[in-house]
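The next block holds one structure in the form of structure tokens; read it before the comments.
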Amino acid sequence: MDMVVKPTQETAYELLHRGAIALSDISSNGVRVDTEYCERAFTELTGEIEDLEDELHALPEMKEWRRVKGRKLDLGTNDQVAELLYDRMGLDPARKTGLAQKRAVDADSLMQLDVEWIPRLIRWRRLGKARDTYLSSILREAVDGYLHPLFKLHTVPTFRSSCSNPNFQNMPIRNPEIGRIIRSAIIPRPGRQILELDYSGAEVRVAACYHKDPGMIRYILDPSKDMHRDSAGDCYVLPPELVDKHIRFSGKNDFVFPEFYGSYWANVAQSLWTSSAKLEIRDGENMRDHLARQRVRVQIPRPRGDRTSWEWGTVHLDGPEPFSWHIRMVEKKFWGERFPVYARWKEDWWDGYLKRGYIDMKTGFRCSSVMGRNDCINYPVQGAAFHCLLQSAIDLNDWLLYNKLDTVIIGQIHDSLVLDVVPAELDDVLEAAVRTMGPELREKWPWIIVPMEVEADLAPVDRSWHEKKEIKLAA
DNA sequence: TACTTCGGCGCC
DNA sequence: AAAGGGCGCCGAAGTA
């Protein structure tokens with residue numbers, strides 16, 4: 001493939017070189033792991049996986065399969081799972097896969113089928129993922145009790161980093177059970193503790209440096225405002241005070257970020273609707289029931305010939321269709337009222353690329369390959385947001401070395417740094433981190449027009465990464 | 001045996 | 001007018 005991005009400015013060239021050195025220090029420092037724990041967890045998981053397998057194979061559908069085919073259904077062979085569900089059981093697939101247009105059997109599609117044993121199949125896959133991807137790779141890659149993940153700067157079109165052997169950037173955390181199993185294996189050096197420093201809302205803030213939308217900047221500057229909470233309230237027809245952390249999580253990951261990355265109402269409504277099945281509001285009422293009680297003004301499609309016209313009407317949100325019309329209205333408000341300048345910037349930015357044939361990142365890289373509309377808008381944000389973290393990694397690493405601290409950086413996850421900290425050095429490290437990642441970065445890069453805020457999570461001395469908890473930072 | 005592709009799934 | 005950005009690793013299945 002053609003070179004997509006080039007460092008066109010001296011500073012960008014410098015950033016790549018110094019970044020590569022800092023990342024190689026980080027690789028070389030290494031991540032301590034508890035391999036004995038991994039062995040135990042591996043065995044335990046295997047027991048649970050085999051029990052689930054036995055349970056599933058005892059189901060009538062599976063026994064019938066065995067009778068007809070002469071052998072057990074292989075749970076890991078998606079073609080067989082699809083044949084069972086969509087041919088033999090006559091269910092309708094929720095969607096088709098990519099080029100081959102096979103009937104999809106991913107967890108999201110399966111959950112829409114309302115088959116009693118599907119959650120057990122999904123759990124079987126999830127435990128298998130934990131064992132065969134994460135525990136296996138830790139055991140395989142550990143050398144004398146340490147991992148040395150390889151951080152690369154030359155593989156990604158946006159000039160983000162990538163990581164392999166093992167990939168330290170996708171260790172489970174969202175599923176609490178799996179997060180605990182895997183992150184319990186990541187431990188500090190004896191007598192030390194694991195510290196994680198995150199930029200909060202890095203991509204949102206860097207995007208604001210491009211589009212300068214006043215509504216977005218108000219959200220960023222005013223700590224009492226929260227765009228994810230407000231958007232979740234719009235999607236689920238709730239006042240902000242009834243948006244709890246689960247509802248907010250769905251608003252953020254099923255609506256706000258997909259909209260930023262270029263998705264649109266029909267697709268977004270689908271995942272919101274799926275999430276709504278599991279959400280509860282204040283009194284324990286199911287979100288679906290709450291939505292069904294709502295009457296909202298929406299535009300309803302009226303097919304006329306080969307075109308669709310939209311007419312105003314009032315509907316209950318009692319099914320995926322009326323809900324998608326409602327989300328279409330929420331989207332109009334999102335781009336038209338909340339963030340109109342951002343919306344305008346996207347159009348102008350895309351026009352600029354079509355005219356010139358390239359776009360320039362704030363950090364001095366030029367993207368000049370063939371890009372689609374979404375690529376064109378997302379690449380400069382994704383790249384520059386990571387470059388903030390990369391510059392911070394360089395500066396903090398230099399500071400630790402120059403001041404001869406024993407604390408080391410052991411990993412980097414796009415907008416966060418993971419450190420193995422000597423407790424006596426903790427306060428100094430925190431102070432240096434807040435300074436270099438915040439005001440000093442802005443001094444270097446005046447294009448950053450909003451504060452870059454850092455959050456810190458700390459695990460107790462001698463405890464694993466899983467036990468990290470947020471700590472307060474002096475402002 | 002070695003390699004590639006695909007679907008699936010973990011993270012930001 | 002089009003319609004979710006970026007990664008790496010797994011197992012299964014196909015190909016050389």
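Within every chain, numbering begins at 1; the chains are lettered A, B, ... in the order of the sequence lines, protein sequences first and strands thereafter.
Looking only at atom types and distance, the side chain of A/W465 has a donor-acceptor partner in the side chain of A/E196 under 3.5 Å away. Side-chain contact annotation: A/S392 with A/Y199, donor-acceptor N/O pair under 3.5 Å present. For the 3.5 Å distance criterion, the side chains of A/S136 and A/D132 fail to qualify, holding no donor opposite an acceptor.
Listed in residue order, the members of residues 165-185 of chain A having a heavy atom less than 4.0 Å from DNA chain C are A/N165, A/N167, A/N170. Within residues 261-279 of chain A, the residues that place at least one heavy atom under 4.0 Å from DNA chain C are, in residue-number order, A/Y261, A/G262, A/S263, A/Y264, A/N267, A/S271. Near DNA chain B, meaning a heavy atom under 4.0 Å away, there are no residues from residues 323-333 of chain A. Listed by residue number, A/K129, A/D132, A/T133 are the residues of residues 124-139 of chain A with a heavy-atom contact under 4.0 Å to DNA chain C.
Of all nucleotides in DNA chain C, those with any atom nearer than 4.0 Å to a heavy atom of chain A start and finish, going 5' to 3', at C/dA1 to C/dA13. Chain A approaches DNA chain B over the interval B/dG7 to B/dC12, counting the first and last nucleotide 5' to 3' with an atom under 4.0 Å from its heavy atoms.
In this structure, A/K332 forms no cation-pi arrangement with A/W265, as its terminal cationic atom is not both closer than 6.0 Å to the ring centre and no more than 45° off the ring axis.
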Side-chain atoms of residues 81-90 of chain A: list all donor-acceptor pairs with protein atoms under 3.5 Å, sequence neighbours left out, distances to 0.1 Å.
from	atom 1	to	atom 2	distance (Å)
A/E83	OE2	A/K69	NZ	2.7
A/Y86	OH	A/A104	O	2.6
A/D87	OD1	A/R103	NH1	2.9
A/D87	OD2	A/R103	NH2	3.2

Can you list, pair by pair, the side-chain donor-acceptor contacts under 3.5 Å of residues 319-330 of chain A, counting residues two or more places apart and other chains?
from	atom 1	to	atom 2	distance (Å)
A/S324	OG	A/E321	O	2.8
A/H326	NE2	A/D234	O	3.1
A/H326	NE2	A/C235	O	2.9

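In this structure, the side chain to side chain contact (heavy atoms under 4.5 Å, CB included) partners of A/D74, at least two apart in sequence or on a different chain, are A/T77, A/Q80. When the ring-ring contact (aromatic ring centres under 6.0 Å, His included) test is applied to A/F255, the partners found at least two apart in sequence or on another chain are A/F334.
Nucleic acid contact for A/A100: sugar-phosphate only, since backbone atoms but no base atoms lie under 4.0 Å from a heavy atom of the residue. Among the protein residues, A/A104 comes within range of the sugar-phosphate backbone only, with heavy atoms under 4.0 Å from sugar or phosphate atoms but none that close to a base.
Put simply, the side chain of A/L153 reaches to within 4.5 Å of the side chain of A/L390, judged on heavy atoms. Counting heavy atoms from C-beta outward, A/Q382 and A/H414 have side chains that stay 4.5 Å or more apart.
Ring planes of A/Y261 and A/F257: parallel class, angle under 30° (limits at 30 and 60°). By the 30° and 60° cut-offs, the orientation of the rings of A/Y210 relative to A/W447 is tilted.
Applying the salt bridge (Lys or Arg N to Asp or Glu O under 4.0 Å) rule to pairs touching residues 411-420 of chain A yields A/R189-A/D420, A/R192-A/D420, sequence neighbours excluded. Under the side chain to side chain donor-acceptor pair (under 3.5 Å) criterion, the residue pairs touching residues 22-31 of chain A are A/D25-A/N397, with sequence neighbours excluded.
Heavy atoms of other residues, nucleotides or ligands lying less than 6.0 angstrom from CZ of A/R344 number 12 at most. Around CZ of A/R442, the count of heavy atoms belonging to other residues, nucleotides or ligands within 6.0 Å exceeds 12.
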Check: Checking ring-ring contact (aromatic ring centres under 6.0 Å, His included) for the pair A/H387/A/F365: CA distance, chi angles, key distance, verdict?
Finding: CA-CA 10 Å; A/H387 294 149; A/F365 296 82; 4.5 Å; yes
